[in-house]
Amino acid sequence: MIQAKTATNVLLLETTRLRLRRFRRDDVDVVFAIIGDAIAMKYYPRTFNRKDAEDWVERNFQRYAAHGYGFFAVTLKESDEMIGDCGILHQEVEGKDELEVGYHLRRDHWGHGYATEAARACMEFAFLTLRAEKVISLIRPENLPSRRVAERNGMKVERQVIHAKLPHLVYAITRKEFEDKRLATRSDLINHL
Ligand SMILES: CC(C)(COP(=O)(O)OP(=O)(O)OC[C@H]1O[C@@H](n2cnc3c(N)ncnc32)[C@H](O)[C@@H]1OP(=O)(O)O)[C@@H](O)C(=O)NCCC(=O)NCCS
């Protein structure tokens, strides 16, 4: 189990093009632009409404309080614009607590490698700061863009499970594999917990 970190300090991850910061309440509009978008939510059981987006942000405040991390707002460094979220979540998979890297981007920012870049920074945070042994991503088999993000970051399919009543692939990578692949970009990353 990952140790909870102090929730009061600021967390910031920085990559070449992106900055990841904690959600603010006024991020609800961007969250809704993603989870309220039927095309972006194609592999989810449903498209979400504005109240769901408010709950989404609120749940992450609870995650920050419990663990110090959760989904973070992904912003473009050059404009400060929020384009999505990405982060590290606790997920129970077949009765075991796992750390998952997850990501959702606004559709007008797909195809630029931002999800790959943000996810890699979060994986680095999980391995180097939280000292996680393994990071997973739960991905619907049909969700090819998400699978490509996982694969580009060195994850491999471990098994298939039923999660949230739907088949999901468990993509996984261990700390050793991550370090061996030299995926870490420590010089590129600042984080304060
Ligand atoms: C998953 C998601 C974040 C990926 O965003 P993205 O901008 O395409 O990500 P990236 O640009 O970093 O890389 C995606 C890779 O998938 C590929 N890809 C994108 N769309 C694709 C498609 N429709 N079919 C197959 N591959 C696709 C890209 O070409 C790229 O691979 P490549 O560089 O080898 O060509 C985005 O699709 C999204 O927000 N989806 C909705 C939320 C979601 O499903 N989240 C994941 C839940 S598990």
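Note that ligands are numbered from 1 as they come in the structure, with each ligand's atoms numbered from 1 the same way. For this chain, numbers begin at 1 and follow the sequence in order. This structure is a prediction, so every number in the text was calculated from the model and none was measured.
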Minimal heavy-atom distance between I173 and G154, with the atoms involved, is CD1-O, 3.5 Å
Shortest non-hydrogen pair, V30 vs G84, comes out as CG1-N, 4.4 Å
Atom 21 (C) of ligand 1: closest protein heavy atom, distance to 0.1 Å, is P145 CG, 3.4 Å
Heavy-atom donor-acceptor pair, R175 side chain to A132 backbone, under 3.5 Å = yes
Filtering S146, A118, S137, G113 for the heavy atom nearest atom 10 (P) of ligand 1 leaves G113
request  = Decide whether Y103 and T116 meet the rule of one side-chain donor and one side-chain acceptor closer than 3.5 Å.
outcome  = no
Open item on the list: Please confirm whether L138 approaches ligand 1 to less than 4.0 Å, judged on its heavy atoms.
Closed with: yes
Atom 12 (O) of ligand 1 has as its nearest protein heavy atom T116 OG1, 2.7 Å
In this structure, atom 40 (N) of ligand 1 is nearest to the protein heavy atom W110 CZ2, 3.4 Å
L144 heavy atoms within 4.0 Å reach ligand 1 at atoms 24 (N), 25 (C)
Answer yes or no: are there more than 12 heavy-atom neighbours, outside E142 itself, under 6.0 Å from its atom CD? yes
Is the shortest distance from atom 35 (O) of ligand 1 to a protein heavy atom below 4.0 Å? no
Is there a heavy atom of Y103 sitting under 4.0 angstrom from any atom of ligand 1? yes
Open item on the list: Salt bridge or not between D55 and K51? Use side-chain N to carboxylate O under 4.0 Å.
Closed with: yes
For Y114, the atoms of ligand 1 under 4.0 Å from one of its heavy atoms are 12 (O)
Closest to atom 47 (C) of ligand 1 among protein heavy atoms sits Y44 OH, 3.3 Å
Does an N or O from L105, backbone or side chain, lie closer than 3.5 Å to an N or O of ligand 1?
-> yes
Residue, atom and distance of the protein heavy atom nearest atom 31 (O) of ligand 1 read R148 NE, 3.5 Å
Shortest non-hydrogen pair, A53 vs I35, comes out as CA-CD1, 3.8 Å
Residue, atom and distance of the protein heavy atom nearest atom 33 (O) of ligand 1 read R152 NH1, 2.4 Å
Ranked by distance from atom 44 (O) of ligand 1, the top protein heavy atom is N143 ND2, 2.9 Å
H109 and L105 have their tightest heavy-atom pair at O-CD1, 4.0 Å
Backbone N or O of N49 within a donor-acceptor pair of the D52 side chain at under 3.5 Å? yes
A student comparing A40, G111, A115 should find that the heavy atom closest to atom 7 (O) of ligand 1 comes from G111
Note: ligand 1 atoms sitting under 4.0 Å from heavy atoms of H112 are 11 (O)
Whether the side chain of T15 engages the backbone of A118 through a donor-acceptor N/O pair (distance < 3.5 Å, no angle test) should be reported. no
Short N-O contact, E58 and R25, less than 4.0 angstrom
yes
min-distance protein heavy atom vs atom 42 (C) of ligand 1 -> H104 CD2, 3.7 Å
